[in-house]
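Here's the structure we're looking at; comments come further down.
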2 protein chains.
Amino acid sequence: MATIKDIASAAGVSLATVSRVINNGPKVGDATRERVKKIMDEMGYRPNANARALVTQRNPAIGVVIAELHDPFFASLAHGIETLCRTRNIQILMSAGSTSPETEMRAIETLMEHRCEAMVVHSKFLDDDTLVHFANQVPGFVLINRYIEAIGNRCVWLDNQAGGKLMAEHILHHGHEDIAVISSRYQILDPVQRLDGIKLALSEAGKSLPDSHIEFATPDQEGGEAAVQNLLSRGVKFSAILAYNDAMAAGALSMLLDHNIAVPDKVSLIGYDDVLLAKYCRPKLTTLRYPIEMMATHAAKLALDCAKGEFPEPGTTFKYTPTIVKRDSVSRVK
Amino acid sequence: MATIKDIASAAGVSLATVSRVINNGPKVGDATRERVKKIMDEMGYRPNANARALVTQRNPAIGVVIAELHDPFFASLAHGIETLCRTRNIQILMSAGSTSPETEMRAIETLMEHRCEAMVVHSKFLDDDTLVHFANQVPGFVLINRYIEAIGNRCVWLDNQAGGKLMAEHILHHGHEDIAVISSRYQILDPVQRLDGIKLALSEAGKSLPDSHIEFATPDQEGGEAAVQNLLSRGVKFSAILAYNDAMAAGALSMLLDHNIAVPDKVSLIGYDDVLLAKYCRPKLTTLRYPIEMMATHAAKLALDCAKGEFPEPGTTFKYTPTIVKRDSVSRVK
DNA sequence: TTGTAAGCGTTATCAC
DNA sequence: GTGATAACGCTTACAA
């Protein structure tokens, strides 16, 4: 593959001149510029990005750490970043993600080895200290979907608790008294916060949530099915279900319909996330909008800015609040 | 950030020795090895991937070109690659993809600039010659979802026509006579081939497909809705719909239900791709399984092999054939 | 406007 | 076993 040197000698100029042409450098004669360009074309020259990154000490690509691309939620996240990068013509270096603290660690380290200045990281398993440690080494290190106070101005996150509160309030407004919750069995922060929000709303309304009305399962369709199955076989009485996410809600929906329990006539149901499938379900799911794509775009922009040294004021916070999307799975209690 | 040089002087050894330690090189004393390792740890040393790629003239990362990550189909594709890379601890360099020939071109070029030896490319817009040209420069260049004879042993693709034939045959078996087709308005190869397959099956059964029974729309839910809308308002009579993909099928389903046309009682419906949402629809979609994830894993493996110089024999072909997934959206005509 | 030359962090080829 | 040293392809002062 042709190098800058080959071009230089073919064009009868020096390396420096060619380099200037490549980078649209200022001081180079029009004639020379054209000639060099022509020769680069003819020889199919392509600058070596690695050499460039080495000498400039900077890698213009943005690094991304996420798990499970086939999960629609992460796909949206990735897409949000991609959207921004496309407009700015920036590469994405994706480090397949997070199934354990070790893999997450490995993923971030790889990005650092490539000297990525900007990184958007979705980490569920690493602890705050480790993350802060990385952030201290890389100015453009941005966390998505998680808030750590020490680097609060480089976190883009969702107020999970507010969402939980919102869904409970919505269901209370519709006159429901007997509320069941199906949550995620993975005790990472999100489910805990969502559940807290629900409990908060309930207690503000002078009610409480008995443990018997909470089921924990895997946060997917199967989990939703299993959770409802359990609720039913334990004979729990409920007129509404608050699900941890849309996938669980969809599973719950299947199971309810299979038992001839009409939704929303007999039981109301609320999801969380507003992924595509919420719209495809029948009835369409009432759910909470988690603007992950927008948040991801925001995070990418933030990472790029920080990498350039433009930090938001300390104390600035990028908290997003979910909103309720009213569709067809909730009705007033009869 | 600490370099190999810093480590060397801190440990009182030469660059060469440190390099040997990093790469588990053979000839280095145990004591030295441990000492150097310890110092690397203390100083938080990370090898510079760019320098490495430069001097070794190889980039161990695999390059990926795809469009639209939030499309579940591409998400599965990406996931298939990711799965393989995770086990082999290989980085993914993702070049956001294909919205036009120019962006596709740009995406591939970027990967080449990083000197990726292995690449998995999903290209809809570039012509055969261009792609072959790239393939000739990069041994590890593999095409997914497309077949070009000249580089046939580096293509992993689906027999779209066979799928089209299959879906038509399935619907004929169920006694349907009045068949409508909703296809993609983008005249890339896939929809044409799928449609060809359908026509083939029909003509083998002594039937034909009038143009009035075909609708072209965008290959998403909205497109599916619009297509059915059009069919209905044009008064076309049909007892079955063959959709270009699951998203269109889901849109069609919505629209049919909104018009109180029961599926599958009044109208049967078949999708294509078997993405997640086919399972979430009510009724669950009968569709064609497009094993894209498996194919993607295969393509990644192939790319890595080719990059190492291990080519499959010329003439070898990696054609996948879709299979029918029978769910609940098709019934025998009454 | 153009050229020279130093150096980015590694690996690899020699010597010792 | 270990150490000099020359690349790798490029950018960027500094000279001319």
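Throughout, protein chains are lettered first and strands after them, A, B, ... in sequence-line order, and every chain is numbered starting at 1.
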Answer yes or no: does a side-chain N or O of B/Arg52 lie under 4.0 Å from OP1 or OP2 of C/dT11?
yes
Of all residues at least two apart in sequence or in a different chain, which pass the ring pair (Phe, Tyr, Trp, His ring centres under 6.0 Å) check with B/Tyr147?
B/Trp157
So, B/Glu293 versus B/Ser76: side-chain donor-acceptor pair below 3.5 Å or not?
no
For a quick test of reading the model: is some side-chain N or O of B/Gln57 closer than 4.0 Å to OP1 or OP2 of D/dG9?
yes
For nucleotides 4-7 of chain D, give me every protein contact, N/O to N/O, under 3.5 Å, one pair per line with atom names.
none

Taking NZ, NE, NH1 and NH2 as the nitrogens, is one of them in A/Arg146 or A/Asp128 under 4.0 Å from a carboxylate oxygen of the other?
yes
When we call it a touch if two heavy atoms are under 4.0 Å apart, what does B/Arg46 touch: a base, just sugar-phosphate, or nothing?
sugar-phosphate
Should we count CD of B/Glu310 as having more than 12 external heavy atoms under 6.0 Å?
yes
Heavy atoms under 4.0 Å, any strand shown: does B/Asn50 hit a base, just sugar-phosphate, or nothing?
nothing
Starting from P on C/dT10, measure out to CZ on B/Arg58 and report it in whole angstrom.
18 Å
Describe the nucleic acid contact of B/Thr56 in one word from base, sugar-phosphate, nothing, applying a heavy-atom distance below 4.0 Å.
sugar-phosphate
Could you tell me the separation between the CD atom of B/Glu113 and the P atom of D/dC8, rounded to a whole number of Å?
20 Å
So, does B/Thr17 get its side chain near the phosphate of D/dG3, meaning an N or O under 4.0 Å from OP1 or OP2?
yes
